[in-house]
Amino acid sequence: MIKKVLVANRGEIAMRIFRTCRVMNIPTVAIYTHVDRGALHVRYAEEAYCISEDAADTSYLKPELILSIAKKTGAAIHPGYGFLSENADFARRCEEEGVIFIGPSADVIARMGVKTEARKIMAAAGVPIVPGTEEPVAGLEEARRVALEVGYPIMLKALAGGGGKGMRLVRDETGLDEAFRLSRSEAANSFGNDAIYIEKYIEHPHHIEVQVLGDKYGNVIHLYDRECSIQRRNQKVIEEAPSPFVKDETRQKMLAVAVEACRKIGYYSAGTLEFMMDKDQNFYFLEMNTRLQVEHSVTEECTGVDLVRDMILVASGSPLPYKQEDIEFRGAAIECRIYAEDPENNFMPSPGIIKVREAPEGRNVRLDSAAYAGFEVSLHYDPMIAKLCAWGRNRESAISNMVRALREYKILGIKTTIPFHQRVLHNETFLSGNYDTTFIDTKFDKEDLKRRQNNDPLVAVIAAAIKHFEQEKEAAARATTVPLVGESLWKYYGKLQMTANNY
C-alpha cells in the first residue's frame with residue numbers, strides 16, 4: 001500500500017487528491033512556488049516544499065526536483081492534470097528511481113502522447129479514425145497538398161498538444177498559410193515541439209468522451225460517457241453525463257470500442273478516450289488522455305466511484321475493486337468550470353484578489369475549489385478557480401440544482417464565468433440537449449449577457465454599497481473615537497457587507 005502521496009500540482013486538483021488521501025489515511029506532500037505560498041493546498045498537506053529558486057520563479061515543471069522531494073519523503077507521485085501529468089519522460093524517471101507514479105506506464109503515455117501514433121494504434125485496435133495524416137506534415141507545401149486530398153474544412157493540430165493549444169480551423173485554402181504559421185508557433189511555445197498534423201474537420205461536431213479504468217492484470221471497465229461540447233477557444237467550460245445527444249445503441253458501441261482498445265494497449269489507471277461525433281451519430285477517435293480529467297467529477301457523481309482512490313489502489317498493485325456489471329449509472333450530473341475570466345470580453349483573464357467568496361451549499365451540489373476570500377488569482381497559472389457540479393435524478397433535475405447553486409455562488413473582486421453559466425443554463429438550445437462545439441459562437445447571445453448585466457440596476461447599487469463599505473471601514477480604522485451613527489458600528493458594517501454579499 002502507498003504510504004504517502006506527493007501531488008505534483010496546485011490549486012483545486014491538488015485539494016481534490018489530498019481529500020481522498022485523507023479519507024484513505026494517507027499522509028500528503030505539497031509542492032509550491034513563491035506565488036502560491038499562501039495557497040490552500042499548501043496549508044492542507046502534512047508536508048510542503050517550495051520549489052521556486054527565487055520570487056520570480058513560478059514554474060511547476062521541475063521533474064528532477066519533484067522526484068528528489070518524493071524520494072526524500074518516501075511518497076508516491078500523483079501528477080493531477082496539466083503540468084507533468086502526460087510527460088512520459090517524467091513517468092519513466094519515476095520508474096527508474098523506484099518512485100510510484102500514480103498513473104499509466106511511461107510507455108503508454110509516450111505512445112498515446114504522440115497524436116499521430118495514437119491514431120495508428122487506435123485504428124489497429126478497430127477504433128474509427130477521422131481522415132487525416134498519419135505523420136506530421138513536413139511543411140507548408142505538404143500541408144497544402146494534404147488539405148486538398150482530405151478536403152476543406154480541415155483542422156491543424158499540435159502533434160504533442162492538448163487543451164486546444166496549437167489548434168486551428170481552416171475553412172479554405174486562403175486561410176491555410178497564416179493558420180499554419182500560428183499553429184506551429186503556438187505548438188512550439190506550449191509544448192517545445194512545433195510539429196503539426198492535419199485532420200478533416202467534422203461539421204457541427206459533438207465532443208464525447210468515455211471514462212475508462214484499468215488495472216495491471218488486464219482488467220478494464222468503462223464508467224460511461226460525458227458530453228463536453230460547450231467550449232471556448234477549443235477548451236471545455238461545461239460538461240455533463242450522460243450525453244443527452246448520444247443514442248443508446250451508439251453509446252453501447254462506443255463504450256465497447258473504448259474498453260477493447262484499452263485492453264489491447266495494456267492500459268491501466270484512469271484514462272479517457274475522446275471522440276468527435278457527427279449529426280448522424282458516427283463517432284471518430286480524437287485522442288486519449290492518459291490522466292485524470294478535469295471533468296471526472298460528473299462521472300463520480302453518477303457512478304459513486306472515487307477515481308482518485310482507484311488510481312492509488314491500482315498504482316499500489318491492487319486489482320480493480322469492481323467488475324463492469326458492478327457499475328450502476330444513476331441520474332445525471334453537470335459541471336461548470338468557474339474561470340477568472342470576463343465572458344463579456346472574449347473570456348479574457350481577470351486576475352486579482354477575491355474580496356468576497358460565498359460558496360453554494362445544500363443537496364446534490366459539489367464544489368471542488370482552492371479559492372477563498374483574500375486569495376489572489378495569478379496570471380501565471382490557468383484561470384480556473386473552481387469546478388461546480390450538480391447531480392439530479394434526471395437531466396432536468398440536475399440543471400435545476402445547478403441553476404440554484406450558481407445563484408448562491410458569490411465571488412467579488414474579480415470577474416468570473418458565473419454569469420455566462422447562468423445564461424447557458426437558460427438557453428433553449430442547451431436545454432434541448434442537441435448542442436455542439438459551435439454553441440458559443442452560433443447559439444449563445446453574448447450581447448444579451450452584456451445587455452442584461454449593464455441594464456440591471458442592482459449592479460450600480462452593489463457597486464455603491466461596496467465602495468461605501470470600504471470607505472467607512474477605512475475611515476473607522478483612522479478614527480480615534482467612535483462616531484455616532486445611531487447604532488453600533490458592528491451592525492452598521494454588517495448590513496453593508498450583507499448588501500454586497502447578497503448580490
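Just so you know, these numbers use all the heavy atoms, side chains as well, and skip hydrogens, waters and symmetry mates. Computed from a predicted structure; not experimentally measured.
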*List for me each residue that meets side chain to side chain donor-acceptor pair (under 3.5 Å) alongside Gln231, sequence neighbours excluded, and say none if there are none.*
His207

*Would you mind listing every ring pair (Phe, Tyr, Trp, His ring centres under 6.0 Å) that reaches into residues 249-283, with sequence neighbours excluded?*
Phe275-Phe283

*State which residues pass side chain to side chain donor-acceptor pair (under 3.5 Å) with Asn427; sequence neighbours excluded, sorted by chain then number.*
none

*Just jot down the salt bridge (charged side-chain N to carboxylate O under 4.0 Å, His left out) partners of Arg337, sequence neighbours excluded, or say none.*
Glu239, Glu295

_Pairing residues for Arg395 by the salt bridge (charged side-chain N to carboxylate O under 4.0 Å, His left out) criterion, not counting sequence neighbours_ = Glu240

_With rounding to the nearest 0.5 angstrom, report the CD to CZ distance, Glu95 to Phe90._
11.0 Å

_Partner set under side chain to side chain donor-acceptor pair (under 3.5 Å) for Asp107, not counting sequence neighbours_ = Arg111

*For Gln211, which of Arg226, His222, Gln293, Glu300 qualifies under side-chain hydrogen bond (donor to acceptor under 3.5 Å, both in side chains)?*
Arg226

*For Tyr284, enumerate each residue passing the ring pair (Phe, Tyr, Trp, His ring centres under 6.0 Å) test, keeping only those at least two apart in sequence or located in another chain.*
none

*List in chain and number order the residues that pass side chain to side chain contact (heavy atoms under 4.5 Å, CB included) with Val150, two or more places apart in sequence or in another chain; answer none if no residue qualifies.*
Val146, Ile154, Lys200

*Quick one: list whatever passes salt bridge (charged side-chain N to carboxylate O under 4.0 Å, His left out) with Glu199, sequence neighbours left out.*
Arg119, Lys157

*In sequence, state the C-alpha distance, the side-chain angles, and the governing distance for Met122 and Met288, and then conclude on side chain to side chain contact (heavy atoms under 4.5 Å, CB included).*
CA-CA 9 Å; Met122 289 298 163; Met288 183 173 188; 4.1 Å; yes

_Which residues share a side chain to side chain donor-acceptor pair (under 3.5 Å) with His296, sequence neighbours left out_ = Arg16

*Who pairs with Asp194 by salt bridge (charged side-chain N to carboxylate O under 4.0 Å, His left out), at least two apart in sequence or on another chain?*
Arg184

_Partner set under ring pair (Phe, Tyr, Trp, His ring centres under 6.0 Å) for Phe83, not counting sequence neighbours_ = Tyr60

